[in-house]
Structure formats: C-alpha cells, structure tokens
There are 2 protein chains.
Amino acid sequence: MNIEIIAIGNELLLGNIANTNAAYMSKELAKKGLQIKRHTVLPDDEHEMEEGLKQAWQRSEVVLLTGGLGPTCDDVTRKVLAKFFHSGFVYSEEIAKELQKRFGDKLGSIQDQATILDKAKVLPNQIGTAPGFLFTEDNKILASMPGVPLEMKKMFIDFVLPLLVKKYEKEEKQVESHFHVCLLIENTVDPFLRELQAKYSDVSAGIYPSTGTLSIHFSSKNKQSLEECKKLFLQMFEKYVFSTTSERIEEALYIEMKKKGKTLAIAESCTGGAIGARITSLSGASDYFLGSLVTYANDWKEKFLHVNKQTLDTKGAVSKETVFEMIQGLLQETSADYVIAVSGTAGPLGGTPEKPVGGVWLGICKRGETPEIAHFRFPGNREVITACSVNYLLGGLWRKVAFSTNSFDKETLCLMS
Amino acid sequence: MNIEIIAIGNELLLGNIANTNAAYMSKELAKKGLQIKRHTVLPDDEHEMEEGLKQAWQRSEVVLLTGGLGPTCDDVTRKVLAKFFHSGFVYSEEIAKELQKRFGDKLGSIQDQATILDKAKVLPNQIGTAPGFLFTEDNKILASMPGVPLEMKKMFIDFVLPLLVKKYEKEEKQVESHFHVCLLIENTVDPFLRELQAKYSDVSAGIYPSTGTLSIHFSSKNKQSLEECKKLFLQMFEKYVFSTTSERIEEALYIEMKKKGKTLAIAESCTGGAIGARITSLSGASDYFLGSLVTYANDWKEKFLHVNKQTLDTKGAVSKETVFEMIQGLLQETSADYVIAVSGTAGPLGGTPEKPVGGVWLGICKRGETPEIAHFRFPGNREVITACSVNYLLGGLWRKVAFSTNSFDKETLCLMS
C-alpha cells in the first residue's frame, strides 16, 4: 500500500501555518487501516511541483494533493496537472451556473474556477469555489483538492476516502490500538514494550510522550498478536490507562466525576489558572467543576484560602504545609466533594537549592479523607513544568475517583521525590 | 538557496500530530530571509529514511532532520545516519556525566543517549536527553535534531539557525516586517493592505489571523518600499499594534503594567482560568498579577464576588449586570489597580436566541474610573470563543494601560455588538 500526500503552498514553507491537512487525512485513513507513506510540502512553483509530482507518481499508487487550486496568480496546480496528464482545459457551464447560484454575480472568479481539466473527473467543492480533480491511470489515483481545510475535509470525506477504502478493501490491513496513560514516564514503559516486541515480532509499538502523559501505540497486521499485546499491557498498566481514544485526561476525569456525581474545587498558584482552563475546555464541565481560586499573590492565599501568614513566612508558598492549608481552605470555603491544590516553582527564575525550578507540590483530597500531598520535580521549561503539573494533578485525581486508590504511588512515579 | 526539512515519525504519518516543527523552523528561517524549498515526513523505517535522505542530500545544500533520536525501540535516526555518513558510534563520558547530573541515576537511557556518532559534531540538548548531530560534507550541512518540539526549538535557535545565517550571509535576502495587532478583524485591515500593494508592487503583504489577534506580514527585496509601507500601516493602526516581534499579547501587557507599576485582578467565568494561565505563562507575571477568581458555578460568583442572587436569577450569569457586579466585587475584595471580568457562552451547548453561543461580555476597569463593559459575538467553536475572549480582554486592557484610551471602540471593533 503506497499512499502519499503532497501539499502545495508557500504559506506552509514560510511556516505561517502547519500542514494540518496532511495530519487530518492521515488520521482518517489510519482509522480505516490505511497507511500513509510520506508527506511532502512543495512551493507554489511549477518546476518544483512537476518534479515532486513525477517522483510521487513513480513510487506511489495514490497521490493526494492539496492546495494551489484557487483563482489567484500563485495557484499553479491545474496548470501542472494539465501538463503532467496531457490534459486540456474545458469550460463547464454546469459549474459556472452552480457557482453563480451559490455565490451570486459578485464572485469574480467564476470564469476561472469553471475552467476544468478535461481528462479528470471533477470532485465537487460544496463549501468553496475551487473544484477538485480526480485522475485515474494505470490503476493509480491522483486526487487534487483545495488547500482550505474545511473545503478539503468535505471533499476528502465525501469523495476521496470512500474511493480509497474500496481500492484497498481486499488488502490485509493494519489494526491499531492506542493507550493514553498518566503518571508514568517513558523509561518505566519502554522496557516492558521491548519485552513485548521481542515476544511479538509482528507487532510494532511506539511511545509518544507529551507533557506529563504518554500515548502508547500498537499496530500489527496480525489481530491475534495485537490483542495479546494489548492484554499484557493492560495487565501491567491498567490503573494508569485513562483512555484508549483520547489523549485528553480531562475527558477521562469528566466521565468519572459525572459517573460518581461528585464536584470539584481547585486552588492554583504556579499553574495560574491552567487547571481550570483545561477542565473547562470540555463542554459540560459545569456538571462537576465549581471553580478555581488562583491565588498567585501570597496575600490572596491568606485572604481566600486562610493559609496562615506564619506558614507562608516560615515554610514558604512552595511547601507541603502551604498546599495542605490550601486544601483545608478549599474544604472549608466550598462544598466540593474533591479538592485539589498546587504550588511550585515554574521558573526560569525563583529557584533555590532547596526549592529548585520544576519542584512542585501537588495536593489531592476527597472530603472526609486525609489529603495526599506529594512533591514532584518536573524537568523542562516553564511551559512544560506547568503542563506536567496540570496533567499529574488531573491524572492523580482521575485515579482516586476511578479506582478509589491512592493518587500517587512511590513504586511507579519516577518523578516523585 | 536549497534548504529542506525532513521529519521522521509514524505519529506524523498516522496524523496524531501535525508537523509543527517544520512550520516553526521555516518561520524562524523566513525571519532571517532564508527560504525553505521542501518539507518531507517519513516513517520510522530504516529503508524509507535512507531513500529519503539520499534524495534530499542530492538536491539540497542543507537538510534539517527532526525526530527518531530518542532511546526507545522505534527511534532509528542514529542508525540511518551512521550508515549514510559511514560513521561509527562512540560512548561519550562527558554526555553521560552531564545527563547524570541533570536527571540523576533514575534515567535508564544514559548509556544509550551518550552513545554518539563519531563523524558528527554533537548539538547539545539542554532540555531533554537526546543529543543532536551535525554533519558537514562537501559544503553541505545536515543537522539532526530531536522531535520533541521544545528540545528541537532550543537546539535549532542556539546552534543551527546561527550556522545557516552565517552560511547564507552574502546572499541577497528578503527584508521582512511583522505587526501583531489586537481587536481588529481581517476585513478591517484587508482593504488597506490592498491599497498599499497597489502602490508598492514590490512589497508583498499577508494577513494571518489567529484567535482574536492578527499578524500582518510585509516582505520585499526593496528596503525603501518596505519602510514606507510600514510607516503608512502604523499611521493607520498604531493603537492596535501591540508588538512587532511577538504574537503574545500577554508580553505587551506585562511590559505596560510593569512600566506603570500597576497590579491586576481577574474574575473569570466561561474562560475557566485561561486568562490567568496566559498571563502566568510569562515568567515575572507576579510583578503585576495578583490572582484570578474562577467562579464557574453561580454560587461561587455570589460567595467570592458578591454578585447578587437576584441579578443572577433575573439577568443570568451571562449579562452586562453580572459582569458589572463581578468587577465591583473584585474592586471591593482586592487591592488591584486594574480589574477585568468575563462571562459568556462558549458552547456548543447552552445557547439561546437571546444569548447565543459565542456571545461574551467583557469588563475592564481602572480603579476609580467607570467600568467599560462590552458585548462581543465571536464566531467559531468552544476553543476559538475562549481564545478570542482571552485575547480581546488582554488586548483591551493593554490599550487602556498603554494609551489611557477606551479599551473598546465602536468604529473599528466589528465583532462588538
């Protein structure tokens, strides 16, 4: 199976946008067991595009092209395709009428956009103005789609994807499986995956670390082997796998909190509001999330959370004692069933030998139980330290709610100190 | 000038992530007048990578490689580079010591990551564990960097970019200029840019809209024309240009707040903590930021901000009156010089004909002055609506602090309603 994607556009090579079109098509194809071999981005330049197209058409069975179909001077795709496939141009009354119907007479580019390639099948653009083109030759397929993501997506899903699924329906496909885990680091999971791979050579495994979470990916053409790997992986790491479909820990937390009908209040310091922001990035968060007191200044910790001035003066804001009192303050001031709190040094400034940059205290408590307060040392810059703090706190809370176990666990949490 | 980027990684070809690394490097190079000819993404597969590398090395003077340098089973870059450049491996005591110093004995991959290519110059990884490699041969350069964005970025900026700038210092380059503006939409700026381009045909201009901010980009080989365009643009839009170097409005705000020696308190509802998170993404935010009361539940608005129950019952949480009382509550409960507040419907659920999804009330007040409270209707999904709310509120505050003018302005704010 040789499928590749070529995107045309200087805006991609100037770095003004990332090639999210390629990511989108790849993901949709992967869901159907179809693998992409290569992504390429080429400039709005006839010569470069011709060269790139020639190579792609040699090595691949399917070439998916995006961009360069518009009416402006820098759009060269149609011209290059005409030359490459020895195709002429023809004016389509039908497309012209359709464009006029949808966009009215104001659209200046009707004449241009209704001029199509006579050797290609037209792929209708139901959102914008530039039609797509489909060439089939020697059992190969080239689909040329617009670069505007919304237009490309609709055209791809409606016309191109079904074609590819049909083309490869008889081929043996990869099956894939994802595990999204929290509170573990790469080095904890890697030895186990190596063992698995030694045992199941027909399964390929990958670890994709994010900030404070990991995604583990298995794929194989052998369904049986894949199932066995999945089973063994789950036996080992079940209580860290928060999802097999979404890398967003806040989704897993939402599901658990809603299932149990519990509420949450937060006290943030170094994360500055990032925990609340993550939780509320999901619609429906108000089902369990009451709010967050972002007490960045010390006197806010005193005023809103009743942290003792003496604690702040003697132990400092970044201390087990302060986080403990933040937790107590939340329990006292709110009705929440669960409360979580964080205080740490996100850097790059403000670190000391005793309280280094990346040192963070995380606190989690179910009302009526003893708070768990643990210290972590996250490596990385301010952004990473903040994201890790958020993910570890949400991960720890998810574990407590889902399994009624401790959030943090000395044996496996390598960053705990 | 032939520079290209190759990213290695199945996660890219599976569409799990977009190739933001390529976009980042391309943008940084474009700022220096250096243009990228091609991006390629290849799988974690030795054969494919060898083939791709061979072609790239033939056609380009510089190949920038990202990914596949880690210690896990799926990382093949070092092996392929060794074969391609006929390089051996050597164990570096120095790197091993450095890794041990930074990550302690817990890091299981020291042995592996300290094993380097003997024909390459090592590019230090100051964030993560995998060193990069630099090969120079026949006046060509290949730089192999990690795929983890933060690690790649630091390595690229510190070591690779300066090398490329030096390599091409004698070539004629584009000069470029950026303006980052807040509170304006594309349709307000576009007609003016078209006029400019009609007058200065040797300058190319582009508008890159983000969520609630715009970046305007001019480039030209004619420095004189570029300067004239910049001057005309500034004459028109000066009080919206928050930066020429950074698209982060929180940086402009930080500079102004620090200059004036003022403090800030926030009351958030629909943004869930995202405003505080953005502000504290900058080190030193504690110089002016006191905290944020994220009152997601209505009874938190009553308890912490003294919003009247009657206001909430009769006008609703998303109303001018509620935001006004949130502002009053902040002024009363805190010592802040400036206070800002937000309440809106981020969707996708919860919209009504009177209070549609995307409708957001933003409030800004300098202590002692009348609060400004304006209603906006942001198009887009939950993520976009939240980001627009944050950027408009920070943009409005920046304007008030920087110019002592009104934050919002009927004539130019097309999304105000």
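Hydrogens, waters and symmetry mates are skipped; everything else that's a heavy atom, side chains included, is used. Just so it is clear: chains get the letters A, B, ... in the order the sequence lines come, proteins before strands, and each one is counted from 1.
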Counting only heavy atoms from other residues, nucleotides and ligands, does the tally under 6.0 Å from NZ of B:K32 exceed 12?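 Open.
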Can you confirm whether B:R194 is buried at CZ, in the sense that more than 12 heavy atoms of other residues, nucleotides or ligands lie under 6.0 Å from that atom?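 No, CZ of B:R194 has 12 or fewer neighbouring heavy atoms, counting only those of other groups under 6.0 Å.
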Considering only heavy atoms and a distance below 4.5 Å, find which of [options] pairs most often with chain B.
options: A:S283, A:A22, A:S219; value: A:S283
options: A:I275, A:N21, A:N381, A:I5; value: A:N381
options: A:L13, A:T295, A:I36; value: A:L13

Engaged part of [X] at the chain B interface, taking heavy atoms whose separation is under 4.5 Å:
X: A:E268; result: neither
X: A:S281; result: backbone
X: A:A346; result: neither
X: A:E4; result: neither
X: A:E28; result: neither
X: A:E383; result: side chain

Quick one: pull up [atom1] in [X] and [atom2] in [Y] and give me the separation to the nearest 0.5 Å.
X: A:N19; Y: B:H39; atom1: CG; atom2: NE2; value: 9.0 Å
X: A:Y208; Y: B:L14; atom1: OH; atom2: CG; value: 6.5 Å
X: A:S335; Y: B:D299; atom1: OG; atom2: CG; value: 6.0 Å

Given a strict heavy-atom distance threshold of 4.5 Å, which part of [X] is in contact with chain A: side chain, backbone, both, or neither?
X: B:T40; answer: both
X: B:K303; answer: side chain
X: B:Q126; answer: neither
X: B:T271; answer: backbone
X: B:R382; answer: side chain
X: B:F289; answer: both
X: B:I17; answer: backbone

Would you mind telling me which of [options] has the largest number of heavy-atom pairs within less than 4.5 Å of chain A?
options: B:E48, B:E151, B:R278, B:K37; value: B:K37
options: B:S286, B:A30, B:G147; value: B:S286
options: B:T386, B:L42, B:T280; value: B:T280
options: B:N298, B:L34, B:L282; value: B:L282
options: B:K301, B:Q35, B:R38; value: B:R38
options: B:L12, B:D45, B:T20, B:I279; value: B:L12

Given side chains that start at C-beta, do those of B:V294 and A:V294 come closer than 4.5 Å, heavy atoms only?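 Answer yes - side chains close enough.
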Would you please name every residue forming a side chain to side chain contact (heavy atoms under 4.5 Å, CB included) with A:A336, sequence neighbours left out?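 With neighbours one apart ignored, the set is A:T263, A:A265, A:L290, A:T334, A:V339.
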